[in-house]
Q: 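Here it is: the structure, laid out below.
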Number of protein chains: 2
Amino acid sequence: MRQDIEGPYLRSGQVAEQAGVNLQTLRYYERRGLIAEPRRSSGGHRAYPPETVTLLTVIKAAQRLGFTLEEVAELIDTGRRGHPTPDLRVRAQEKIAEVEARITDLTTIRTALTQVVNAGCDSLTHCSCPDCPLPFADLAEDRTHEES
Amino acid sequence: MRQDIEGPYLRSGQVAEQAGVNLQTLRYYERRGLIAEPRRSSGGHRAYPPETVTLLTVIKAAQRLGFTLEEVAELIDTGRRGHPTPDLRVRAQEKIAEVEARITDLTTIRTALTQVVNAGCDSLTHCSCPDCPLPFADLAEDRTHEES
DNA sequence: TTGCATCCGGTACCCAGGTACAGGATTACC
DNA sequence: GGTAATCCTGTACCTGGGTACCGGATGCAA
């Protein structure tokens, strides 16, 4: 038998290659709810509509913007359900705040590192430099575990 | 029997509490070579010298500066071996470069996110805004897999 | 119809930096 | 000496984003 699904459907390997992702990743995304379960051939092989490739491109773009897979799944989901909410913009604004907070952290760290270099610290444990700035007890960077 | 190791030795729970780390973390650091194997009581309980608390403080400081545990272990190690190299300063300078690269990445991401907000994008997959800036195919952020 | 490429599901593994739990031994204190 | 608190080893699990491997089934072309 030639092929038992008509139309421009792609097999998983083709989708993976065209989108530049690993085949396993494709099934991983399916498990995570990022891409819908595709049709199957009579033998059980997946048959994807071509726009799946575009969807994967979009997912990768959102990842590059700093969204987690869970956030991407939610964004796709609320988009699909026709929610008229400006969800993406709100999420993007929240993400900007996150990114800026991270930049602030990194800037603080860079400042501290610069102090280490300028002071001429020569050991973590037995630094002999005068006015050694270690150990930076005030440096936070632990926002993930903060509450309230 | 009262205690069978003389002097100001601390038991693991005391070290953990004073340093503000989990007891498991202490043993994890020992496995990773960040802290030396301490003496043992006759029953097998660890007996730490008090400066272990300071060492843990230093480790945490180095982590806050962006060093991985492996890097911290190396820094402690070359410090202990009396290497006269200005290792810490060199490492700090390298770390500054890493941090700055990361800041650059995040700044690019922030710019892209701002474009999403300003353009009024309303969907990842079916954005209706004019001149939609998605999907940012040019955004890199994947330096970890680059070679050469 | 035969042979090779591809795909299937299930499971295990990778990174880092830990954390948790089980079941038994030791220590500390009254 | 009783008993609670602490500690021991070993092993498994966690997060996030995948990747690898296995044995078996399908797909496709000559």
Side-chain angles (χ1 to χ4, degrees), chain A residues 1-6 9-35 37-48 52 56 59-74 98 102 141-145, chain B residues 1-6 9-35 37-48 52 56 59-74 98 102 141-145:
Chain A
M1 211 178 282
R2 278 267 162 170
Q3 79 181 36
D4 61 10
I5 292 201
E6 297 304 314
Y9 287 91
L10 303 170
R11 20 184 15 199
S12 53
Q14 296 176 306
V15 172
E17 187 177 356
Q18 288 184 34
V21 302
N22 189 303
L23 183 55
Q24 322 290 72
T25 304
L26 212 57
R27 296 202 274 124
Y28 176 65
Y29 284 0
E30 188 178 320
R31 281 207 300 286
R32 293 286 304 257
L34 286 148
I35 56 182
E37 292 189 18
R39 298 182 59 187
R40 299 291 186 123
S41 74
S42 56
H45 285 201
R46 290 172 178 79
Y48 292 95
T52 306
L56 286 167
I59 291 169
K60 287 298 172 191
Q63 276 191 298
R64 283 194 294 273
L65 290 176
F67 292 100
T68 66
L69 284 188
E70 185 163 9
E71 290 169 335
V72 176
E74 286 170 13
E98 281 175 37
R102 186 72 188 129
E141 219 233 334
D142 222 353
R143 285 179 220 299
T144 39
H145 300 303
Chain B
M1 214 176 283
R2 277 263 159 177
Q3 81 181 33
D4 62 7
I5 293 201
E6 297 304 313
Y9 288 91
L10 303 170
R11 22 184 21 208
S12 54
Q14 296 175 306
V15 173
E17 187 178 357
Q18 288 183 33
V21 302
N22 190 302
L23 183 54
Q24 322 289 71
T25 304
L26 211 56
R27 296 202 275 118
Y28 177 65
Y29 284 0
E30 187 178 321
R31 280 206 301 285
R32 293 286 304 256
L34 287 148
I35 57 182
E37 293 188 18
R39 300 181 58 187
R40 299 290 186 124
S41 74
S42 56
H45 286 202
R46 290 171 178 79
Y48 293 94
T52 306
L56 286 167
I59 292 170
K60 288 298 172 191
Q63 278 191 297
R64 283 193 293 273
L65 290 176
F67 292 100
T68 65
L69 284 189
E70 186 163 8
E71 289 168 335
V72 176
E74 287 169 11
E98 281 176 36
R102 185 74 186 129
E141 219 233 330
D142 222 353
R143 283 178 222 297
T144 41
H145 299 305

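Each chain gets a letter, A, B and so on, in the order the sequences are listed, and its residues count up from 1.
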Q: In whole angstroms, how far is the C1' atom of D/dG18 from the CG atom of A/Leu56?
A: 14 Å
Q: Can you tell me the distance, in whole Å, between the CG atom of B/Asn22 and the C1' atom of D/dC14?
A: 13 Å
Q: Taking for each residue the nucleotide of DNA chain D bearing the nearest heavy atom, is the 5' side occupied by B/Gln14 or by B/Arg31?
A: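 This one resolves to B/Gln14.
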Q: Please check the phosphate of C/dT6 (OP1 and OP2 only) for any side-chain N or O of A/Ser12 closer than 4.0 Å.
A: no
Q: Pull out every protein N or O sitting under 3.5 Å from an N or O of nucleotides 14-17 of chain C, one pair per line with the distance.
A:
residue	atom	partner	partner atom	Å
C/dG17	OP2	B/Leu69	N	3.3
C/dG17	N7	B/Tyr28	OH	3.4

Q: Take atom CD of A/Glu30 and atom P of C/dG10, then tell me their distance rounded to the nearest Å.
A: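 About 12 Å, once rounded to whole Å.
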Q: If you look at every strand shown and take non-hydrogen atoms under 4.0 Å, does B/Arg46 touch a base, only sugar-phosphate, or nothing?
A: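 B/Arg46: backbone/sugar contact only, no base atoms under 4.0 Å.
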Q: What integer distance in Å separates A/Leu10:CG from C/dC7:P?
A: 11 Å
Q: Between B/Arg46 and B/Val15, is the side-chain contact (heavy atoms from CB on, under 4.5 Å) condition met? List the steps.
A: CA-CA 10 Å; B/Arg46 290 171 178 79; B/Val15 173; over 6 Å; no
Q: Nearest to the side chain of B/His45, heavy atoms from C-beta on, is which of D/dC7, C/dG9, C/dC21?
A: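 When the side chain of B/His45 is considered, D/dC7 is the closest of D/dC7, C/dG9, C/dC21.
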Q: Quick check for you: among D/dG27, D/dC8, D/dT19, whose closest atom lies nearest to any side-chain atom of A/Arg11?
A: D/dG27
Q: Determine, step by step, whether A/Gln14 and A/Arg11 satisfy the side-chain contact (heavy atoms from CB on, under 4.5 Å) criterion, reporting the C-alpha distance in whole Å, the side-chain angles of both residues, the deciding distance to 0.1 Å, and the verdict.
A: CA-CA 5 Å; A/Gln14 296 176 306; A/Arg11 20 184 15 199; 3.1 Å; yes
Q: Could you tell me the separation between the CG atom of B/Leu23 and the P atom of D/dC8, rounded to a whole number of Å?
A: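 To the nearest whole Å, that distance equals 7 Å.
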Q: If I take atom CD in residue A/Gln24 and atom P in nucleotide D/dC21, what distance separates them, rounded to the nearest angstrom?
A: 10 Å
Q: Quick check: closest heavy atoms across A/Ile35 and A/Leu26, and the distance to 0.1 Å?
A: CD1-O, 3.5 Å
Q: Find the distance A/Ile59:CD1 to D/dG16:P and express it as a whole number of Å.
A: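 Interatomic distance, CD1 of A/Ile59 to P of D/dG16: 17 Å.
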Q: Would you say B/Arg40 reaches D/dT9's phosphate, i.e. side-chain N/O to OP1/OP2 under 4.0 Å?
A: yes
Q: Using atom CG of A/Leu26 as one end and atom P of D/dA20 as the other, report the distance to the nearest whole Å.
A: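 It is 15 Å, rounded to the nearest whole Å.
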